[in-house]
A.B. asks: 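Attaching a single structure in structure tokens format; questions to follow.
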Amino acid sequence: MARERLYLFDTTLRDGAQTNGVDFTLADKLIIARMLDELGIDYVEAGYPGANPTDTDFFAERRPMQARLTAFGMTRRPGRSASNDPGLVALLDAKADAICFVAKAWDYHVRVALETTEEEMLASVRDSVRAAKAKGREVLLDCEHFFDGYKAKPAFALACAKAAYDEGARWVVLCDTNGGTLPHEVERIVGEVCAKIPGGQIGIHAHNDTEQAVANSFAAVRAGARQIQGTLNGLGERCGNANLVSIIPTLKLKPEYADKFDIGVSDEALGRLAHVSHALDELLNRAADRHAPYVGESAFATKAGIHASAIMKEPATYEHIAPGRVGNKRKLLVSDQAGRSNVLAELDRIGLKIDKSDPRVTRLLDEVKEREAIGYAYEAADASFELLARRLLGLVPHYFDVEKFDVNVEQRNNARGERVTVSQAVVKLKVGDDEFISVAEGIGPVNALDLALRKDLGKYQSFMTGLELTDYRVRILNGGTGAVTRVLIESTDETGDRWTTVGVSPNIIDASFQALMDSIVYKLVKSGAPA
Ligand SMILES: [Zn+2]
């Protein structure tokens, strides 16, 4: 049976840009647009030309790509002609393949927010679609608040959708703008709309306010819609938009959808999905969600010993898909409740060949248990575990010694009489017979220590250039005065690899120092730095 084509529309750069704390520069937008294009997304909505300078700049030039580059904006304002509305004129002039208009499909909004009549709203849709088509653009209409509008007054919501369709819009997109609609309601309403407008021209735009944006998108597809709008990592205001990073693998790997539909994302591109998801977090300078479906670090992680041994025998017993399909990997957690099979499986994953009955396996397990008892957390710190194992097997070269370090924090008045807090670190290192003393200032003591440590590692310095700390987490264990501090540091490098290291001490600087050292040594090991 021939599969039907289903289209993906990404709005990370427009709706996703509404996320609290997200502020894309033009350069960011160009990088993300390229990422989306390489992934095989059909439509990339890049912004709202005329509404802000970044988006206006983006659309000032042709940006060649496979995907249909889409500009977003309002239909003509009530009471004006299309040619006499500067907003609409800017949108029509944008160097885009497609234009996505937004119109209100809820009569209540038309009256209260736009202060106009339903007839004028419909005329505005018709005029705008006609004007964009005359400019040779593919046209989409986002019917804002469609589901709430349909519940309140179905005739008007439908008339709005129908006006765009009749005028020749390629897509009519039904938006759950407030995100409160439930999947069974979406399925029913989209089904009713598809009886009036062909499903091959209906899209769904779901928000995640009941954490069902992905489910709502699939409900719409089941009812006949053939375009899904969403964002990378579910970015979007409030609780976010439908997450394309979850939708894509479900469409590609679950027979319910994979047997019926083709999408523009190839198997090869799917294999880079985890990387794309993490690259966006990187760009936003935030830690990746460890529990994200399909692509999270924990998405294929197993803890208990009994499961671990079964997974090694037959992965399908505990995994709904093969992790490699989406560029993720299996992870067996080494924790104090783990058995030998966990440790063996983890050694196997790292690529360390060791006989099952080798006494060093027991020694490693004992060491992990002992250290976890005092606060180390190896299941969260894969790189520190690997170093522990490699050291036990004599596989970590002696790279350098830190002879001593000194960190100070000073609060004082600066030259302008303002109160400032300054941190400075001094590190004395020995690499072979060479001694190095580095001094660095940082925004805090750990930052200063990190900068000083990596400032001059002599012959190893060239291995440090791509190393970057992406996350720093501190946890106080036990509580009270006898407390110890656990520090977890996440690092990344130029290859896009990420790893986590751990340090534990009653002193936060010391705990941070251990985790920093592990990260640096791990980087040297993985880069194959010579002893
Ligand atoms: Zn939206």
Side-chain angles (χ1 to χ4, degrees), residues 7-24 29 32-33 36 41-52 55 69-75 87 91 96 98-106 108-110 113-114 125 128 139-151 157 160-161 164 169 171-183 185-186 189-190 193 202-221 225 227-247 280:
Y7 294 84
L8 296 175
F9 181 107
D10 180 280
T11 182
T12 304
L13 300 177
R14 200 273 301 171
D15 229 0
Q18 302 301 313
T19 313
N20 204 346
V22 168
D23 199 7
F24 294 127
K29 286 200 158 201
I32 295 168
L36 291 164
I41 299 294
D42 300 294
Y43 295 84
V44 171
E45 189 173 59
Y48 192 165
N52 66 63
D55 291 1
L69 200 58
T70 308
F72 173 90
M74 312 251 270
T75 55
L91 190 55
I99 291 178
C100 184
F101 288 110
V102 58
K104 297 194 182 295
W106 188 355
Y108 169 71
H109 271 261
V110 172
L114 284 185
V125 168
S128 307
V139 185
L140 301 91
L141 180 76
D142 269 5
C143 297
E144 200 181 72
H145 298 291
F146 184 85
F147 292 92
D148 295 313
Y150 189 89
K151 287 181 200 168
C160 200
W171 293 102
V172 177
V173 183
L174 312 180
C175 303
D176 186 25
T177 308
N178 290 346
T181 312
L182 303 177
E185 300 175 298
V186 169
I189 294 172
V190 173
V193 175
I202 297 291
I204 177 76
H205 176 111
H207 278 261
N208 203 31
D209 299 70
T210 71
E211 210 170 18
Q212 299 189 91
V214 169
N216 279 341
S217 304
F218 285 115
V221 170
Q227 184 194 94
I228 298 178
Q229 298 201 342
T231 58
L232 287 179
N233 296 348
L235 225 59
E237 66 181 327
R238 305 190 311 275
C239 317
N241 285 53
N243 184 359
L244 288 176
V245 174
S246 297
I247 288 171
L280 180 72

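Bear in mind that the values here come from a model prediction, so they are computed numbers and not experimental data. Counting starts at 1 for both ligands and their atoms, in listed order.
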A.B. asks: Look at Asp142 together with Lys104 and state whether they make a salt bridge at an N to O cut-off of under 4.0 Å.
C.D. replies: no
A.B. asks: Check Asp176, Ile228, Asp15 against His205 for a side-chain contact (heavy atoms from CB on, under 4.5 Å) and give me the one that passes.
C.D. replies: Asp15
A.B. asks: If you round to 10 degrees, what value do you get for the angle at the Zn ion (ligand 1) between His205 atom NE2 and Asp15 atom OD2?
C.D. replies: 90°
A.B. asks: With a cut-off of 2.8 Å, does Cys175 put an N/O/S atom close enough to the Zn ion (ligand 1)?
C.D. replies: no
A.B. asks: Going by atom types alone, do Trp171 and Tyr7 pair a side-chain donor with an acceptor below 3.5 Å?
C.D. replies: no
A.B. asks: Report the atom name of the nearest N/O/S atom of His207 relative to the Zn ion (ligand 1).
C.D. replies: NE2
A.B. asks: Is a side-chain N or O of Thr177 found less than 3.5 angstrom from the main chain of His145, in a donor-acceptor match?
C.D. replies: yes
